[in-house]
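Contents: one structure, followed by commentary.
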Amino acid sequence: MSGSDGKKRGRTLSLSVFSVISVCSVISLHFDSTSAVSAAPTQNNQAQTTAQGPQGQPPAGGQQGQAPAPPPKDKQGPTLIVEEVIFEGVKVFSSEELKRQMRLVGEAGLLRRIGQRNVYTRERFQEDAVRLLKYMTDRGYLRASIGEPKIRFVNIADAAKTTGDVPIRLIIPISEGPLHKLGKLTVLDGTVMSPDQARAQFPIKEGDVINAGLMDEALNRLRNYYGRLGYLQFAPTIDFKFSPEVNNESVTDITITLNEGKKLTLGRLEFSGNRRTLDLFLRRIVPLNEGDVFDYGRLEEGLERLNRTGLFNPITPADLVITYDLARATANVEIRVIERDVQRIDFSGGAGTYGAFNLGVDYSNINLTGRIDSFAAQTRLGNLEQVVSGRYGVTLLTARPVTLSFSGSFQRFVFVDARTQQDNQRPLYIQTSGGLIAGATIPVARGRNSLAAPTRASLFYSLNFNSLEDLLAERAINVSNIERSNIRLASLTPALTRDTLLRDFDPLRGMRLTAGLEVAGRAIGGNINTIRPWVDFRQFFPLNQGLFRDEPNVFGYRLRAASIAAYGRPFDARTLSVINGVPIFNRFFVGGVAEVRGYPINSIAPLARVDRFLVIGNNPPLLFSTDVQPVGGDTELIANAEYRAPLLRRLSGAAFFDIGSAFNARGLPVQRFTSPVQLTPPVPNSFLVTQVGPLGGVADQIPSYRISLGVELRIMVPIANLPLRLIFAYNPNAQTRPAPLTLLAPEKKFAFVIGFGRTL
């Protein structure tokens, strides 16, 4: 029996299921226990459709039952507030489990009132009715139906109101129908895939309850399989044959006819709406060439790559227009895009209870000339950092596309913000640096169409000049003009990145893995030798639908690990600038809103005992200070996790857990630094000797890691595009009473921090 003849045949139901990339999508069915009517469009040799991807199809189960017809647009009137939902006719399902499926017109409650998820309109009810039907058909009640809802006023007098809020009871009639169990499942007419192979895709056996959702997932697997082989018009038909009901159960035979259709190749690939971006570059992104077998999976991958460029509004399978020419066995594709404003100005910064603050302005243009070249400039001003930088990147359309980048920066950074309890005005060190970076990035995937492939390999060369100022040494009485350490770092960094994030800012799903190895050495232009491997992994999962906005709640986490070590001939340091052969500004100091939210920036770091001696002429060394101060670690480990929930239009919230540690995996040896100084009055042959060594027993009083957990409120400031963060953190192992003589400000158990940007 064909699914398009519209005839009644006792208790047999036929459903024509069309591939989502063929002429039409799955049709809606309305049927009762004895009949069913469905209709399928006819196909011409050349037809046009707006295609939906294999996963964009309405669930088969959701189409089995009968929901109310789409309602006309509501007229103006009072706002109907649902105080109670009553289901009529239910025998199998409880009212409570059905109420949990009502997301838009559910019973009033505090959270629902905030999100207006208890306001009844016919359009909103229609969406909830689809959820109710899917819930029932996924549990075997394939012929469930939902009638027109009835409204009963809580207060009879409210029936005359034309404005204001009116409380109502919403009465929903439901017919569950019988429970359907599988009799026989037969697959016919398979050539590309044998009937037995196709039957194996359906995880159901005789006597099992027919789960419409699982059946639909199996059909999607078949659509994907055939779509990757070029069978775009794969259109299986499904025939249901119901047996008489016994004890409200019906044994149902299912026959699936595959209807594979012709194997097609790609005729033309075209773009529309890209007024700025050149077609040539977009073609190099989509991994499907004209004349290839039409692999729909590769076309979907191309849409993901286009979305990751950030050049367009999100592109979905609905933005594909596929035109068939069956006489030539070809299919032409037009991808409709809407270009975004590629120029962006962002403000960022941070402030909080610890006295640190900064404000930054970033400018970026990710498509400067229409050839997917980018330019970015950054300015940061604050009491911890001052930064000016710029970067330009350009893509060369070689056999395997190559992206070249060039950047330069100048920075003055208070990279250790730890201070004494008595003297809280001056930090420990100040680093001033400037340098250049040049790099090249290529996709790991082969082929000319790999421009935006998710996995990429990079190689960067960096040359950086650094001057380090030890402020504590300058506090000695009558000591001035202490020699600074000037460190020249030249490094080569190979790196590997795999990025499938749906978007950069607040991703909804996907992952990003970055790993690299930075090798700095004298042989390539520096004056110090170090090696630093690192890995950073983050992943995001969409969870349940948000209560107040259509965007889902998201769980995300990040794991980061890095280590640094010196090799070869050591650097001849004159001041406390190099620890165990590694520049102190390249050692690891953890903390701040980007790492462990409840602690100030750079505050989590291993400590060392620092003794300072003054040698005046031929006199014996004079000890004038003994401190315990941060010197950074050679290894860092950071883990972050957060549950993000959209709230109002520009407001979202997050619950978070952070843990971070910086420690010395290779131990801390005793080191001495000798620097000529100038005294007042002058004395020849005067030196400042700094000795650094392990803490000993004091180290046991200070944990090497910190934990922070709490909640955030995040507000997107309009016009400025400023993501403002209000962070409320609880720090369970904060050191509220540091050990004596340590150059650490007391940490706080409870912290309120204002920040910008994102941790994940």
Side-chain angles (χ1 to χ4, degrees), residues 354 356 415-421 427-429 530-537 557-566 576 578-610 626-641 656-671 692-710 729-751 753 759:
Y354 300 105
F415 67 92
V416 179
D417 186 37
R419 310 174 183 196
T420 65
Q421 298 181 49
L428 297 178
Y429 308 98
T530 61
I531 183 168
R532 181 175 68 94
W534 86 90
V535 61
D536 187 295
F537 178 79
Y557 70 94
R558 175 180 70 178
L559 302 173
R560 191 170 90 192
S563 187
I564 190 168
L576 181 53
V578 173
I579 301 295
N580 210 8
V582 177
I584 197 166
F585 52 79
N586 275 358
R587 296 176 68 81
F588 297 111
F589 298 84
V590 175
V593 295
E595 294 176 339
V596 183
R597 278 165 261 208
Y599 295 85
I601 186 171
N602 295 329
S603 66
I604 305 170
L607 307 177
R609 180 186 178 91
V610 180
T626 296
D627 298 312
V628 174
Q629 69 182 63
V631 293
D634 60 27
T635 303
E636 74 168 0
L637 297 173
I638 297 174
N640 311 97
F656 67 85
F657 174 85
D658 298 334
I659 182 170
S661 175
F663 56 94
N664 286 305
R666 284 170 284 275
L668 189 66
V670 175
Q671 301 168 83
V692 181
L695 282 185
V698 179
D700 298 332
Q701 304 176 36
I702 304 173
S704 61
Y705 66 93
R706 299 291 194 280
I707 295 174
S708 184
L709 61 155
Y730 169 61
N731 307 317
N733 65 339
Q735 301 304 290
T736 57
R737 295 180 179 178
L741 301 178
T742 56
L743 295 180
L744 287 173
E747 299 167 347
K748 298 180 180 293
K749 286 283 188 180
F750 296 92
V753 182
T759 302

Looking only at heavy atoms, what is the nearest atom pair of [X] and [Y], with distance?
{"X": "I638", "Y": "E636", "value": "CD1-OE1, 3.9 Å"}
{"X": "K748", "Y": "A734", "value": "O-CB, 3.5 Å"}
{"X": "A561", "Y": "L637", "value": "CB-CD2, 3.6 Å"}
{"X": "E747", "Y": "Y599", "value": "OE1-CE2, 3.5 Å"}
{"X": "D536", "Y": "W534", "value": "N-CD1, 4.3 Å"}
{"X": "I604", "Y": "A662", "value": "O-CB, 3.7 Å"}

Exercise. Give a yes or no answer on whether the side chain of S603 reaches the backbone of G591 with a donor-acceptor pair at less than 3.5 Å.
Key: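 No: the side chain of S603 does not pair with the backbone of G591.
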
Practice problem: Determine yes or no for a side-chain-to-main-chain donor-acceptor pair under 3.5 angstrom, with K749 supplying the side chain and Y730 the backbone. | Solution: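 No; zero donor-acceptor contacts below 3.5 Å.
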
Practice problem: For F537, look at atom CZ and say whether over 12 heavy atoms of other residues, nucleotides or ligands are found less than 6.0 Å away. | Solution: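 More than 12 within 6.0 Å, yes.
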
Quiz item: Quick check: are there more than 12 heavy atoms from other residues, nucleotides or ligands sitting under 6.0 Å from CZ of R558?
Solution: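 It does: R558 CZ has more than 12 such atoms within range.
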
Self-check item: Stepwise side chain to side chain contact (heavy atoms under 4.5 Å, CB included) test for F657 and I707
Solution: CA-CA 8 Å; F657 174 85; I707 295 174; 3.5 Å; yes

Just checking, any donor-acceptor pair under 3.5 angstrom between side chains of [X] and [Y]?
{"X": "N664", "Y": "R587", "value": "yes"}
{"X": "N731", "Y": "S708", "value": "yes"}
{"X": "S563", "Y": "R666", "value": "yes"}

Would you mind reporting whether [Y] and [X] have side-chain heavy atoms less than 4.5 Å apart?
{"X": "V670", "Y": "P694", "answer": "yes"}
{"X": "F588", "Y": "I564", "answer": "yes"}
{"X": "L709", "Y": "D658", "answer": "no"}
{"X": "P606", "Y": "D634", "answer": "no"}

Exercise. Could you please spell out the steps behind the side chain to side chain contact (heavy atoms under 4.5 Å, CB included) verdict for I659 and R706?
Key: CA-CA 6 Å; I659 182 170; R706 299 291 194 280; over 6 Å; no

Quick one: pull up [atom1] in [X] and [atom2] in [Y] and give me the separation to the nearest 0.5 Å.
{"X": "R532", "Y": "N586", "atom1": "CZ", "atom2": "CG", "answer": "7.0 Å"}
{"X": "N640", "Y": "Y557", "atom1": "CG", "atom2": "OH", "answer": "12.5 Å"}
{"X": "N733", "Y": "Y705", "atom1": "CG", "atom2": "OH", "answer": "5.5 Å"}
{"X": "E595", "Y": "I601", "atom1": "CD", "atom2": "CD1", "answer": "7.5 Å"}

Quiz item: Can L668 and I579 be said to form a side chain to side chain contact (heavy atoms under 4.5 Å, CB included), step by step?
Solution: CA-CA 8 Å; L668 189 66; I579 301 295; 3.4 Å; yes

Quiz prompt | Candidate pair T626 and V610, rule side chain to side chain contact (heavy atoms under 4.5 Å, CB included), full reasoning | solution = CA-CA 6 Å; T626 296; V610 180; over 6 Å; no

